[in-house]
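In this chain, residues are counted from 1 in sequence order.
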Amino acid sequence: MLCVEAMRTELIKLDGVDSDYVFINNINVDEGGKALGSAGKGLRRRRRLGAPSLDVTPGRKGWGSHGDEAKHSQGASDVSGGGGGGGEPPDPAELRGGVLPPLHTPPQYNYDPECARMEAWLDDHQDFVYDYFIRKASRHMVDSWLLSHALPQSLGGGAGAYCGAGMEAGVVPGLVTTPGQHQSSKASSGAATPVRKISAHEFEKGGLLKPIVTTIDGTPTFISPAGAAENVAILAKVRRKSRTELKGLDERQLIFELVKDICNELDVRPLCHKILQNVSILTGADRCSLFLVQGDKESDNRCLVSTLFDVNPDSTVEQMEEKEEIRIAWGSGIVGYTAQSGAMVNIPDAYADDRFNSEIDCMTGYKTRSMLCMPIKDSNGEVIGVAQVINKQQGQCFTPADEKVFESYLQFCGIGLRNAQLYERSQLEVKRNQVLLDLARIIFEEQSTIEQIVYRIMTHTQSLLQCERVQILLVHEASRGTFSRVFDLEVKDLQGDDAESRTSPFESRFPINIGITGHVATTGETVCIADAYQDSRFDPSVDENTPFRHKSILCMPIKNTDGKIVGVVQLVNKFDNLPFTSNDENFLEAFAIFCGMGIHNTNMYEKAITAMAKQKVTLEVLSYHATAPRNESQRLMKMKIPSAQAFQLYDFKFDDFSLDDEGSLKACLRMFLDLDLIGRFHIEYEVLCRWLLSVKKNYRNVTYHNWRHAFNVAQMMFAIITTTQWWKVLGELECLALLVACLCHDLDHRGTNNSFQIKASSPLAQLYTTSTMEHHHFDQCVMILNSSGNQILSNCTPDEYSRVISVLEDAILATDLAVYFRKRGGFFNMVKTQDYELSHEEVREQVRGMMMTICDIAAITKPWPIQKQVAELVAGEFFEQGDIEKEELKITPIDMMNREKKDKLPVMQVGFIDSICLPVYEAFAEMTPDLGPLLDGVRHNRQQWQKLADEAAANKNMPGNNNNNNNYTLNSDRERGGGTNN
């Protein structure tokens with residue numbers, strides 16, 4: 001090994017010379033008789049005409065060159081000593097100290113005579129050196145060689161350049177670092193990354209290539225059109241001798257025909273068919289079969305697969321393709337034994353051999369008598385298949401001559417088969433790269449929403465990996481192991497009527513197998529399971545009460561560009577009951593990388609859009625609103641506040657039309673005082689006054705959803721919690737949150753509902769996709785609470801503040817009738833069964849949400865004159881929105897928004913009461929008799945609206961104009977009769 005090391009140290013990289021390495025011409029003995037080296041045969045590899053050679057001889061201080069021209073040449077001047085001054089070899093101490101001697105004194109190496117003779121032998125036996133290096137070289141040795149030959153080309157820059165490129169990396173040209181030497185990480189980029197780069201020019205050596213991007217149906221794609229295997233088609237045109245002609249050939253001629261077949265055929269299946277037919281001719285066998293090895297050495301699923309089975313001299317490739325594939329376990333049967341042992345097996349009587357498996361005979365009806373099996377090996381001696389010939393004709397056994405011919409033939413077959421497999425793999429690799437490039441194009445082509453990007457990934461994953469179900473689960477940012485969103489896709493989804501038009505996947509249809517997905521999300525490991533029910537992490541309950549049954553599972557983490565797990569992709573049940581393979585894992589891993597990048601980019605895009613929309617909304621709000629001035633709050637705090645009885649705040653029939661704006665502010669202060677919220681939460685009185693003024697100022701001057709509506713909702717909440725004494729159950733903190741929520745629940749209302757925001761594609765609709773206006777009201781509420789001089793919660797503890805904000809958000813969002821419809825079923829059932837306890841937080845949360853609804857639409861419970869007047873205000877605001885829709889959006893508004901259909905208001909009011917109001921007020925009246933007056937008011941007003949509807953129908957007296965609710969369209973985000981229009 002020392003000799004090999006010494007041999008490697010003779011390679012010196014030069015600059016400006018038309019050679020990769022210099023050639024050490026002579027290494028002689030010094031004056032003392034000590035051997036300096038051998039008369040080396042030289043480095044034969046890649047030497048070109050004019051390359052310099054170095055002559056190391058005794059008594060010469062400098063290094064010689066191949067003639068004097070190299071000594072004086074520009075390219076070799078630094079190495080050969082420039083003008084011929086020569087120099088002593090560098091002192092090892094100087095090298096250790098980091099001081100590099102001049103470049104014209106390169107180091108010399110001393111060899112003992114034994115090493116010199118060994119080196120000369122190695123030079124004559126390059127094959128041995130290559131094999132020895134492959135078997136014995138360590139990883140460190142290979143890295144050192146790469147580093148030493150990846151140095152920058154410009155060595156003529158003097159000692160400084162030499163030191164920067166070589167010494168910093170622990171490598172000097174002509175020297176190879178040993179494991180004991182230090183290698184700094186401050187190497188040049190070339191030395192640190194000896195990566196082979198390729199240029200587009202190199203592809204031209206093989207001729208003009210096809211375009212990388214093609215267009216199919218007007219869409220650019222990286223996938224080549226079908227039928228691109230032109231080489232195979234050309235080779236197939238080469239004429240092959242007929243079977244009759246082949247039977248008339250002797251062994252040598254037949255071998256020659258085989259060689260031609262190998263050269264002309266690159267398709268594995270036709271090549272194997274030719275091989276077997278020739279084998280049957282050579283050995284006189286009745287049937288032949290070929291089994292190819294499938295699976296890695298370390299794989300438990302390694303087996304042999306019948307590429308072709310029962311081939312005879314008259315069979316065709318097309319006939320063979322119709323036969324079913326046969327799989328034989330590794331080491332099982334005679335074929336498995338041959339593959340495992342690598343030895344030939346010749347059996348005169350198959351049924352007399354214990355290794356013979358007669359099941360195949362039973363399946364095919366063909367009886368096997370004699371058999372000859374032989375492994376097919378590649379150039380490395382690895383078994384890549386097994387050839388089997390059965391039943392020698394005329395009932396004879398296979399002879400040693402047959403074995404010899406068979407063995408000679410299969411040696412060529414192994415080479416041809418390996419070449420065909422390599423070609424097939426290269427084509428598959430090209431196709432795989434095309435698929436991944438196309439996936440990348442598809443993913444990065446559309447990144448507007450996370451739903452669209454995930455749907456594209458899922459459809460292509462399912463199509464490529466052929467499974468029944470695909471799930472993508474996005475990890476919750478705040479809690480690893482839990483998921484914020486779950487997207488799912490079934491194969492039948494792609495066969496539905498809406499498959500072509502669908503742009504987003506379904507969500508949360510199927511139970512989550514948290515055992516496996518949670519494990520992958522927390523550990524980042526890939527999980528591949530052939531049988532889910534045999535894995536302890538699988539939860540069988542996900543299959544209960546469903547016709548679906550989990551079998552095979554492949555689950556893998558999705559990571560962003562920073563390596564952080566952002567989600568999990570799970571494939572369930574590969575088609576044909578097959579397990580997922582390593583090839584599936586490789587594909588899914590590539591998909592997961594693209595998926596992670598796509599999700600990351602989409603999230604960034606959505607955040608950018610959200611930030612822009614939020615900025616636009618903020619600027620719009622700030623331009624319209626401002627905090628109330630301090631002098632107004634000081635004036636308000638000096639006013640005398642009448643009692644709640646004077647304002648009639650406890651009365652469900654409270655009429656705010658008798659109060660002016662100043663009176664409404666005083667009444668709000670009285671509610672805070674009577675509930676003792678000011679003292680309990682240490683609210684500064686001036687701050688409360690200024691906060692109320694700021695809230696009032698942040699309501700726009702719209703027809704209905706203005707400050708007066710917010711004040712009426714707050715009064716109803718105050719009346720309910722005091723009349724029922726629920727303030728004792730809810731507690732002061734929740735009472736504070738509910739009162740603040742009522743006053744702020746329609747902040748900055750624009751007189752238009754959620755549906756209008758979506759139709760108009762307003763910045764608010766871009767900022768909030770659900771409960772658009774309610775989210776905006778809450779954000780405005782928090783903004784005012786955090787504004788200087790308006791911080792009524794500043795003296796709350798952190799826990800109290802968090803709790804108030806949480807209840808406040810839920811209460812404001814509950815005023816969206818879409819939320820009401822979603823939650824009222826559980827509330828009604830709870831009241832009907834009387835299965836509730838107000839001391840439980842879950843129950844109180846439901847009750848609080850429904851309380852916000854009955855307070856928000858409480859105008860429907862007021863005395864008829866008040867109710868009628870409020871209904872006209874609501875209708876007026878709706879008609880204004882309808883006018884905007886017709887003029888600006890160019891759409892026809894629904895009846896309730898259409899000014900031309902105002903005569904249908906009574907009918908629509910009846911429908912509103914029946915569908916929305918009566919059920920919830922009946923539920924509260926059942927909870928407590930104290931709220932019975934509200935239900936009575938609703939019923940009375942319904943009678944009045946029904947009366948008006950009947951009168952309108954009678955007055956019109958037109959055919960087909962009956963009193964039904966066909967013209968009433970229930971909209972989940974609207975409210976009539978004194979309710980919110982969100």
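The aromatic rings of Phe828 and Tyr820 lie perpendicular to each other, with more than 60° between the two planes, well past the 30° mark. Between Trp691 and Phe672, the ring planes lie perpendicular to each other; the angle is over 60°, past the 30° to 60° tilted range.
Note on Asp883 versus Arg899: salt bridge recorded, some NZ/NE/NH1/NH2 to OD/OE distance being below 4.0 Å. Ion pairing between a basic and an acidic side chain is recognised when a charged N comes within 4.0 Å of a carboxylate O; Asp903 and Lys901 show no such pairing.
With sequence neighbours left out, the salt bridge (Lys or Arg N to Asp or Glu O under 4.0 Å) criterion links Arg848 to Glu734, Glu841. Checked against salt bridge (Lys or Arg N to Asp or Glu O under 4.0 Å), Glu872 has the following partners two or more places apart in sequence or in another chain: Lys868. For Phe647, there are no ring pair (Phe, Tyr, Trp, His ring centres under 6.0 Å) partners at least two apart in sequence or on another chain. Shown here are the salt bridge (Lys or Arg N to Asp or Glu O under 4.0 Å) partners of Arg708, two or more places apart in sequence or in another chain: Asp656, Asp661. Under the side-chain contact (heavy atoms from CB on, under 4.5 Å) criterion, Pro893 pairs with Glu885, Lys886, Met897, Asn898, not counting sequence neighbours.
Between His705 and Val702, the closest side-chain pair of non-hydrogen atoms falls below 4.5 Å.
Identified under the side chain to side chain donor-acceptor pair (under 3.5 Å) test for residues 917-927, with sequence neighbours left out: none.
Here the rule is side chain to side chain donor-acceptor pair (under 3.5 Å) with Gln881, and of Thr752, Thr703, Asn753 only Asn753 fits it. Residue Asp914 is tested with Gln909, Gln946, Arg942 for a side chain to side chain donor-acceptor pair (under 3.5 Å); the sole match is Arg942.
A donor atom on one side chain and an acceptor atom on the other are found under 3.5 Å apart for Asp856 and His745.
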